[in-house]
Amino acid sequence: MKERLRGFDPFRMAMMTTPDGRMTAILMAVLCAGFFVCARVLCGAMQGATMIALCAALCVAMLLLAACRPVHGTNSPVVVLLLAALLAMLAVGAHLAMLDIKPGRYTKVLAPMLESMWNYDLTTAMAWEEGAWSGGYLIVCALLSRLESFPALYALKLFDLVCQCALACAALRLAQRGGAGPVRALMGMFACVLAPTMLLNAGCWAQCDAMFAALTLWGLVLTLERRPIAGCLLLGVALATKLQSAFIFPILLVLLLEGRVSLRHLLAAAAAFFAVHVPMLLDGQSLASILGRYASQLELASESIGLADNAPGVYGLMSIASVREFSGMGLYFGIACALLVVLAMLRAKGPLSERALLLGAWLLAAGLPLILPQMNARCLYLAGALGFALARSREELAAALVLETVSLCCYMQAIFGAQVLPMTALSLLAIAAAMAVALSLQRELGGAQKGEEPAQAEAAQ
């Protein structure tokens, strides 16, 4: 009896226990409640500390629920869930640590705009004539301008945190649909909330790119999961939020010709796009101004930033380039390259795997910003999120890391004015990463042409 007790380790036995559904739910509830208490104590000196802690606990719960999806059914011990919870708390805590940072963009641009919006009724505020933003962002800003007892800066960053967690959950779902195992899927999810660019985007820049990226990726997830109406509705809202979501829209053409979406689904996306812009239409703005927003942004940007705003690409390799000629040519060249990707995917004689579709979306998100004019330092945000979700081979992992590094260097230059690498070097690195993604897509399409299953094609490579 003593010999048995001598080898008995209750802590190890508890950590290696395989939890059932009820035990998992109780454990998640206890962890979220404990994180809420800790966040409430640590944020006690901040205005609205209870709301901050509640939002943080909600984000931890979102990440934990998503983490349970790949772990469920694998007989994983409880220590795996505890490690996932630790990473989720670390990610949310890192975002909370940046709440008090007041970026210059917020002081100079957002705060005056929110104060001006407060003087108008909600519908007029939603239709604010701000050429740099589309309807979705303006609606969020108009709602934030109504807050009286809660700081708008905190609200903006917490909203971005919720969107960031939703984006990470979408990345996990895409990783699973791309054939990734549980560990790779979880790594992709946590990379989306712990990556430096994701932290700096809102924390040190007061941007909210996670909103359009989350809408875009969830629209792609639902469309691939045979729920095209919901997916296309989200994609329409994403396009109305930020025009960069259009990078992956050529995939809809592939899905249309493959019979996975129909014309009525595309019409649903168009209806969602116009629904977001209803306040602008009611305010008297013309339909042409809404549809031609990118053209007007190009015209405004050409007077100040030239062909690129701290963004990598082909224009970073040119010592002399005329905005007048290259603006229009770059737009048409980008459309032509997107159609070439669509044509290459449609020429695959076998049925396209979901991984091929996702690699095509990644290539479009990583390649088009390098060609289109007047891109900014955040133009690879969507490509970074897709890279975290889809990178499996060493070449793809290297491409994802290069894209993240290039984005981070561009952020450092745009936010802090610190040049880590010359723009020529960053442009070459970004082009090389896009080429690596293109080669991965070519190999995947080659497997489809041979009639191989995706897993068999990958093993053969």
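By convention here, the first residue in the shown sequence is residue 1.
The two residues A389 and A175 have their closest heavy-atom pair at O-CB, 3.1 Å. Heavy-atom minimum distance, M117 versus L138: CE-O, 4.1 Å. Residue G231 comes nearest to T223 through the heavy atom pair CA-OG1, 3.5 Å, listed as atom of the first residue, atom of the second, then distance. Considering all non-hydrogen atoms of both residues, M412 and V420 come closest at CB-CG2, 4.1 Å. Across every non-hydrogen atom of A366 and L403, the tightest pair is CB-CD1, 4.0 Å. Listed here is the closest heavy atom pair of A206 and L156: O-CD2, 3.7 Å.
By the neighbour-count criterion of 12 heavy atoms within 6.0 Å, atom CZ of F249 is densely surrounded, having more than that number from other residues, nucleotides or ligands. No more than 12 heavy atoms of other residues, nucleotides or ligands sit less than 6.0 Å from atom CE of M51. A 6.0 Å sphere centred on CE of M187 holds no more than 12 heavy atoms belonging to other residues, nucleotides or ligands.
Between atom CE of residue M280 and atom CE of residue M126 there is a gap of 11.0 Å, rounded to the nearest 0.5 Å. Between atom SG of residue C163 and atom CH2 of residue W218 there is a gap of 13.0 Å, rounded to the nearest 0.5 Å. Atom SG of C204 sits about 4.5 Å away from atom CZ of F416, to the nearest 0.5 Å. Residue L441 holds its CG atom at 10.0 Å from CD of E396, rounded to the nearest 0.5 Å. Taking CE from M345 and CG from L445, the interatomic distance works out to 6.0 Å, rounded to the nearest 0.5 Å. Of the inter-residue distances, the one linking I248 atom CD1 with L217 atom CG reads 6.5 Å to the nearest 0.5 angstrom.
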Quiz item: Would V314 and F333 satisfy side-chain contact (heavy atoms from CB on, under 4.5 Å), going step by step from the backbone distance to the final call?
Solution: CA-CA 12 Å; V314 295; F333 188 49; over 6 Å; no
Exercise. Go through L235 and T216 one step at a time and tell me if the side-chain contact (heavy atoms from CB on, under 4.5 Å) criterion holds.
Key: CA-CA 5 Å; L235 287 173; T216 303; 4.2 Å; yes
Exercise. Take L426 and C410, measure what side-chain contact (heavy atoms from CB on, under 4.5 Å) needs, and give me the verdict at the end.
Key: CA-CA 8 Å; L426 295 178; C410 293; 4.1 Å; yes
Quiz item: Could you walk me through whether L408 and L200 pass the side-chain contact (heavy atoms from CB on, under 4.5 Å) check?
Solution: CA-CA 9 Å; L408 180 59; L200 292 177; 3.7 Å; yes
Practice problem: List the steps and the verdict of salt bridge (charged side-chain N to carboxylate O under 4.0 Å, His left out) for R260 and E258. | Solution: CA-CA 6 Å; R260 299 183 66 169; E258 288 275 313; over 6 Å; no
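With hydrogens and angles ignored, the 3.5 Å screen pairs no side-chain donor or acceptor of E404 with any backbone N or O of G384. Under the 3.5 Å distance criterion, the side-chain polar atoms of S427 are left unmatched by any main-chain donor or acceptor of P312. Under a 3.5 Å cut-off, the side chain of R184 and the backbone N or O of R392 do form a donor-acceptor pair. With hydrogens and angles ignored, the 3.5 Å screen pairs no side-chain donor or acceptor of Q419 with any backbone N or O of Q413. Remark: side-chain polar atoms of K157 are paired, donor with acceptor, to backbone N or O of G203 under 3.5 angstrom. Judged by distance alone, with hydrogens and angles left aside, the side-chain atoms of Y315 form no donor-acceptor pair with the main-chain N or O of M375 at under 3.5 Å. One N or O on the side chain of H265 and one on the backbone of S262 form a donor-acceptor pair closer than 3.5 Å. Using a distance-only test at 3.5 Å, with no hydrogens or angles considered, a donor-acceptor pair links the side chain of R355 to the main chain of L390. In this structure, T197 contributes its side chain and S407 its backbone to no donor-acceptor pair below 3.5 Å.
You'll find the side chain of L86 stays beyond 4.5 Å of the side chain of L90, heavy atoms only. In this structure, the side chains of M211 and K242 stay at 4.5 Å or more apart for every pair of heavy atoms. Between L122 and L143, some side-chain heavy-atom pair lies under the 4.5 Å cut-off. For the pair P250/V341, no side-chain contact is recorded, criterion being any heavy-atom separation below 4.5 Å from C-beta on. Considering only heavy atoms from C-beta on, V221 comes within 4.5 Å of L174 through its side chain. Residues L153 and P103 have side chains in contact (heavy-atom distance under 4.5 Å, counting atoms from C-beta outward). Proximity of W128 to D283: side-chain heavy atoms (C-beta onward) are nowhere separated by under 4.5 Å. At least one side-chain heavy atom of I52 sits less than 4.5 Å from a side-chain heavy atom of L96.
Using cut-offs of 30° and 60° for the angle between ring planes, the Y154 and F150 rings count as perpendicular. Aromatic ring orientation, Y381 versus F212: tilted (interplanar angle from 30° to 60°).
Between S353 and E444, the side chains place a donor N or O and an acceptor N or O closer than 3.5 Å (distance only, hydrogens not considered). Using a 3.5 Å distance cut-off with no hydrogens or angles, the side chains of Q244 and R378 do not pair a donor with an acceptor.
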